[in-house]
A.B. asks: 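Before I ask anything, here is the structure I am working with.
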Amino acid sequence: FRRDLAERVKGVRFAFQDLSTRGLSARRSQPVEFNLRGADYEVLNAHLAELKPGSASVRHRHTTEAYLYIVKGHGYSLINYDDDPFEVVEWSEGTLFAPPRWAWHQHFNLDESDTSRYLAIQDTGLLRTMRLHNIERHSVQLSPEQGADLLRAAVERGAVHGGHAAHHHHDGSSVVE
């Protein structure tokens, strides 16, 4: 048992090291996603996603609970239920947040010259075992320009959340220009 566990841990460490040293290209047309699927995890699953400079993730929702830890970069996420107004979570390296289950969400990288990465940990295995797992892509995918408009509207409504009350970053830039 211990040898099996040690091999699993070694594999996970190698996978993360491999991803960080591969030299992922910022010119990719799709966000990069890396999944830890080397073992049959029954409850939790994790993946590391990368957003290219100035880009956005797919707008989607899922039945899983998800904790997102920002490994690199800064940006924001738009979150809402169907026709409800958007809420915004501002994030930067070190931020941990959890979009509500089955809420629509889309992530936006504000850095025009570098990638952003986040680690997502979800209870996918548990929900698959219970036959409750579902993920849905929204029929309307927001562009970075549309996201910026919705961000400004959320700021005016006071619907921005995150650890930066003044919405300024360590480099002096602001979330809302």
A.B. asks: Looking only at heavy atoms, which two atoms of G54 and P144 are closest? And how far apart?
C.D. replies: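 The answer is O-CG, 3.4 Å.
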A.B. asks: Between atom CG of L150 and atom CZ of F108, what is the distance when rounded to the nearest 0.5 Å?
C.D. replies: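 That separation rounds to 7.5 Å.
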A.B. asks: Give me the ring orientation class for Y118 and H47: parallel if the planes are under 30° apart, tilted from 30 to 60°, perpendicular past 60°.
C.D. replies: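 Geometry flag for H47 against Y118: perpendicular rings.
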A.B. asks: Keeping the roles fixed (side chain from T115, backbone from L51), state whether a donor-acceptor pair exists under 3.5 Å.
C.D. replies: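 Flag not set: sc T115 to bb L51 has no pair under 3.5 Å.
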A.B. asks: Looking at R101 and Y81, what are the two nearest heavy atoms and their distance?
C.D. replies: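 Looks like O-OH, 3.2 Å.
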A.B. asks: Sub-3.5 Å donor-acceptor pair from the side chain of Y69 to the main-chain atoms of F97, do we have one?
C.D. replies: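 The answer is no, because no donor-acceptor pair under 3.5 Å joins these two groups.
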A.B. asks: Out of curiosity, H133 NE2 to H62 NE2, how far, rounded to the nearest 0.5 Å?
C.D. replies: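 Going from NE2 on H133 over to NE2 on H62, the span is 8.0 Å.
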A.B. asks: Is the backbone N or O of H105 less than 3.5 Å from a side-chain atom of H107, with the two atoms forming a donor-acceptor pair by type?
C.D. replies: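 No, the answer is negative, given that no donor and acceptor are paired below the 3.5 Å cut-off.
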A.B. asks: Would you compute the distance between atom NZ of K52 and atom CG of D111 and round it to the nearest 0.5 angstrom?
C.D. replies: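 Those atoms lie 14.0 Å apart.
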A.B. asks: To the nearest 0.5 Å, what is the distance between CD (E90) and CG (L151)?
C.D. replies: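 One gets 8.5 Å once the value is rounded to the nearest 0.5 Å.
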A.B. asks: Could you check D123 against Y67 for side-chain contact (heavy atoms from CB on, under 4.5 Å), going step by step and ending with a plain yes or no?
C.D. replies: CA-CA 10 Å; D123 58 352; Y67 287 90; over 6 Å; no
A.B. asks: Counting N and O atoms only, with roles assigned by atom type, does the side chain of Q146 sit under 3.5 Å from a partner on the main chain of S143, one being a donor and the other an acceptor?
C.D. replies: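 Answer holds: yes.
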A.B. asks: Taking side chain as C-beta onward, heavy atoms only, is L78 less than 4.5 Å from L142?
C.D. replies: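 The answer is yes; the side chains approach within 4.5 Å.
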A.B. asks: Tell me, please, which residues at least two apart from D82 pass side-chain contact (heavy atoms from CB on, under 4.5 Å).
C.D. replies: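 side-chain contact (heavy atoms from CB on, under 4.5 Å) check on D82 returns R61, W104.
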A.B. asks: Would you mind checking if K72 and E93 are paired as a salt bridge, meaning a charged N to carboxylate O distance below 4.0 Å?
C.D. replies: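 Looking at K72 together with E93, the answer is no, because their closest N to O distance does not fall below 4.0 Å.
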A.B. asks: Within the 3.5 Å criterion, strictly below it, is a donor on H161 or E87 matched to an acceptor on the partner's side chain?
C.D. replies: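 Side-chain D/A pair, H161 to E87: present.
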A.B. asks: Checking the side chain of R157 only, and the main-chain atoms of P85 only, is there a donor and an acceptor separated by less than 3.5 Å?
C.D. replies: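 It does not hold such a pair.
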A.B. asks: Have S77 and W91 got a donor and an acceptor in their side chains that come within less than 3.5 Å?
C.D. replies: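 Judged by distance alone, the side chains do pair up.
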A.B. asks: So, for P100 and I79, which heavy atoms are closest and what is the spacing to 0.1 Å?
C.D. replies: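 Reported closest heavy-atom pair: CD-CG2, 3.8 Å.
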A.B. asks: Rounded to the nearest 0.5 Å, what's the gap from CE on M130 to OG1 on T63? Could you check?
C.D. replies: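 Answer for the CE-OG1 pair, M130 versus T63, is 10.5 Å.
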A.B. asks: Between S55, S116, S57, which is the residue that forms a side-chain hydrogen bond (donor to acceptor under 3.5 Å, both in side chains) with N109?
C.D. replies: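 Of all the options given, the one that passes is S116.
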A.B. asks: With sequence neighbours excluded, what pairs up with Q141 under the side-chain contact (heavy atoms from CB on, under 4.5 Å) test?
C.D. replies: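 Counting only residues at least two positions away or on another chain, Q141 forms a side-chain contact (heavy atoms from CB on, under 4.5 Å) with V58, R59, Q106, R137, H138.
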A.B. asks: If you round to the nearest 0.5 Å, how far is CG of L127 from CG of N45?
C.D. replies: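 Output value for this atom pair is 10.5 Å.
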